[in-house]
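Both counts, for ligands and for their atoms, begin at 1 and track the order of listing.
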Amino acid sequence: MLVAALLGMLVWLAVRYEISQVQTALERDTGDAVSDIRGALTRNVQGLQSLYARSPTPGSWTVEAAALLHEHREWVRLEWRDPGLTVLAQVDTPYRTPVFDRLGRENARSDVALACAAARKFNGAAYSGSYFVPLSDGLGLEVMEMCMPLVTAGRLSGYVVATYSLQDMLSELITKSYTRSQEVSFTEPDGTRLALHGTVRRGNRVFTAQQLLDLPGNTLVLRMDGWRGAPDLFPNVLTALVTAMSIALVLVLVLLGKDMRRRLKAEHDLADALAFRKAMEDSLVTGLRARDLAGRTTYVNPSFCRMVGFSADELLGRGTPAPYWPPEMAGEYQKRQAIRLAGNSPREGVESVFMRKDGSRFPVLIIEAPLINVLGKQTGWMSALLDISEQRRIEELSRASQDRLQATARLATVGEMASLLSHELNQPLAAIASYATGSINLLEVAQGEPAQAMPHTLSDLHMAMGRIAEQAERAGKVIKSVHDFVRRRDQSREAVPAQALLDDIMPLVQLQARKLQVRVVMQLEGGLPDALCDRTMVEQVLLNLARNAMQAMDLPGLRERELLFRVRRAASAEGNRWLEFAVVDGGPGIPDEVARQLFTPFYTTKTEGMGLGLSLCRTVVEQHGGYLDFTPRVPQGTVFRFTLPAAPDRPAA
Ligand code: ADP
């Protein structure tokens with residue numbers, strides 16, 4: 001509004017200035033016109049005086065006056081009068097019919113007398129007031145008398161009277177250029193127009209200037225009217241320029257306003273986006289941390305602060321070593337940072353250990369990505385950090401429960417075998433009992449026998465005791481194998497020959513094999529490397545597979561009952577060495593609907609089964625990095641196969 005008002009005023013002032021320029025020019029012209037008239041009148045007086053230079057007679061005067069009149073159109077008539085104002089000689093202008101013919105000269109007598117009285121008083125030319133002379137053609141003429149006293153040798157000798165036509169004064173005495181573009185008129189002081197000369201009116205706005213022409217004895221007002229076209233809105237370059245600039249300014253203001261609104265909107269949107277981002281960052285459980293290329297922390301989110309227990313102020317701007325680096329690991333972290341600065345940051349997460357403000361350590365998973373700015377230049381690194389202590393705890397828990405489950409499964413296996421075990425133990429115990437009974441009998445018989453029969457009895461006793469010891473050892477072995485199987489719990493991986501694995505489970509396998517009349521066959525490739533494995537676990541896998549195989553062959557009509565253990569080298573894509581264990585049976589095979597759920601925990605088709613065997617077997621094998629699967633065997637039966645990593649060759653020693 002202010003600018004608009006200012007601009008309006010500027011335009012108005014420019015127009016005003018323009019008008020005042022025109023007015024000033026007109027006033028100057030008027031002044032010039034007045035001095036033109038004044039100068040001409042003075043010259044005329046001198047010209048009249050020249051008539052009397054050589055003491056004229058009325059006759060000679062008339063000739064000279066006529067010549068003078070010829071040159072001065074502004075005069076209507078010249079008269080020479082004596083001191084009593086009687087006309088001595090007179091001449092009328094050749095350009096008009098004599099003006100005074102209609103009314104006669106007498107009407108002007110009083111004007112002439114007044115002018116001459118004034119002239120005598122001033123002792124110089126004086127003028128009468130103007131008066132109107134009607135002409136014979138119906139029009140009229142405003143005239144004015146000029147009277148000049150003639151003085152000869154200090155005495156008034158007469159007057160010369162010149163009658164001026166005001167109209168012709170305007171057209172003859174004023175420089176032509178003024179009248180070309182302006183209208184010039186004589187008016188009385190009250191504004192009555194006496195005579196007019198000028199051009200047709202142009203334009204619709206009039207500028208007027210007036211100037212007094214005071215002559216001795218009479219005062220006239222010269223008025224000039226200048227007609228101008230409506231002071232156009234842009235009268236000249238200045239105004240046009242000012243206006244154009246004003247418009248430009250307004251335009252710029254409008255554009256600026258628009259731009260401002262756009263900026264405000266953008267700012268608003270940005271604030272919204274920022275608030276959104278802030279809410280997002282604050283709600284994240286993932287810690288976020290940004291660092292510049294020198295390793296100084298430039299940003300942390302609340303979650304990161306909570307994680308490490310430091311406030312944002314304590315972290316921002318801090319270089320390495322960071323306050324949350326455990327002092328004992330700072331060196332290693334520094335190295336890692338150097339690698340990252342060299343541009344070799346791994347895209348996948350890195351596990352690391354951080355320290356809380358209270359000094360406690362916790363594991364974190366760090367995922368880093370380069371921070372790229374608008375220009376596509378890297379300015380630092382952005383890291384997302386996950387506190388994985390909880391995850392670790394759960395992993396630990398699940399591993400522990402897995403262990404417990406496996407131990408339980410082992411116990412269950414043994415439980416299932418309880419009858420077999422008792423049968424197995426029964427044999428040595430029965431043998432021990434019968435040998436013991438035999439020995440007692442021998443001892444009783446020996447008491448009644450002669451001494452020479454003693455050595456024979458002793459050798460029998462010796463043999464019986466030997467058998468007892470043998471059978472006790474056999475029973476002990478069975479007990480021990482069960483004990484070992486259930487109790488052994490060292491997690492470590494060791495290099496174990498495949499043969500040893502099979503030998504360890506053989507007593508337990510044989511228990512069942514004997515009962516089900518299954519022949520156990522082993523096929524081991526020559527020169528096999530050791531398997532690198534957790535012995536107990538792998539034995540349990542083998543035992544499970546063997547047990548399933550034998551149970552599958554426990555069919556009434558089946559004659560060919562053979563359980564085959566096959567171990568050989570397995571090829572692998574990475575060139576690593578693997579061992580492949582296969583447990584092959586001649587059972588009915590596995591129908592599709594069973595195969596689909598085979599590895600689901602607690603899935604079983606047996607009344608006394610737990611359904612844990614195969615799922616645990618797969619877990620164990622996968623923990624070793626291998627795989628477990630099965631294929632049907634031709635003509636009938638199933639092949640269960642699993643792989644284990646081979647141990648590096650043992651040194652020759
Ligand atoms: P469980 O032996 O306690 O039933 P497993 O997980 O060891 O549990 O076996 C699940 C099921 O897979 C068995 O119930 C059986 O039906 C089937 N199965 C396993 N091994 C064989 C095999 N060699 N031949 C036929 N069926 C088998």
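With distances taken over non-hydrogen atoms, the option nearest atom 17 (C) of ligand 1 out of Thr604, Leu598, Ile590 is Leu598. The heavy atom nearest to atom 10 (C) of ligand 1, out of those in Phe599, Tyr603, Phe630, is found in Tyr603.
Using a 4.0 Å cut-off between a side-chain N of Lys or Arg and a carboxylate O of Asp or Glu, Arg289 and Glu368 qualify as a salt bridge. Using a 4.0 Å cut-off between charged side-chain N and carboxylate O, Glu539 and Arg535 make a salt bridge. At a threshold of 4.0 Å, the pair Arg569-Glu580 does not count as salt-bridged, since none of the basic side-chain nitrogens sits closer than that to a carboxylate oxygen.
For the 3.5 Å distance criterion, the side chains of Asp313 and Ser311 fail to qualify, holding no donor opposite an acceptor. Between Thr643 and Tyr627, the side chains place no donor N or O within less than 3.5 Å of an acceptor N or O (distance only, hydrogens not considered). Using modelled atom types, one finds no donor on one side chain facing an acceptor on the other under 3.5 Å when comparing Lys278 with Asn301.
Numbered from 1 in the order shown, with element, the atoms of ligand 1 that lie under 4.0 Å from a heavy atom of Asn548 read 2 (O), 5 (P), 7 (O), 9 (O), 19 (C), 20 (N). Atoms of ligand 1 lying under 4.0 Å from at least one heavy atom of Thr638, given by number and element, are 24 (N). When each atom of ligand 1 is checked for a heavy atom of Thr605 under 4.0 Å away, the hits are 13 (C), 14 (O), 15 (C), 16 (O). Residue Ala552 has at least one heavy-atom neighbour below 4.0 Å for each of these atoms of ligand 1: 22 (C), 24 (N), 25 (C).
When the ring-ring contact (aromatic ring centres under 6.0 Å, His included) test is applied to Tyr324, the partners found at least two apart in sequence or on another chain are Phe304, Phe354.
No N or O atom of Asn544 sits closer than 3.5 Å to an N or O atom of ligand 1. Between Gln551 and ligand 1, not a single N/O pair is under 3.5 Å apart. The distance criterion of under 3.5 Å between nitrogen or oxygen atoms is met by Leu614 with respect to ligand 1. For Ser615, no nitrogen or oxygen atom sits less than 3.5 Å from a nitrogen or oxygen atom of ligand 1, counting backbone and side chain alike.
Proximity of Phe640 to ligand 1, defined as any heavy-atom pair under 4.0 Å, is confined to the side chain (atoms from C-beta onward).
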**Message:** Show, in sequence, the C-alpha distance, side-chain angles and deciding distance for Arg566 and Glu525, and conclude whether the salt bridge (Lys or Arg N to Asp or Glu O under 4.0 Å) test is met.
**Reply:** CA-CA 8 Å; Arg566 196 178 59 211; Glu525 219 173 64; over 6 Å; no
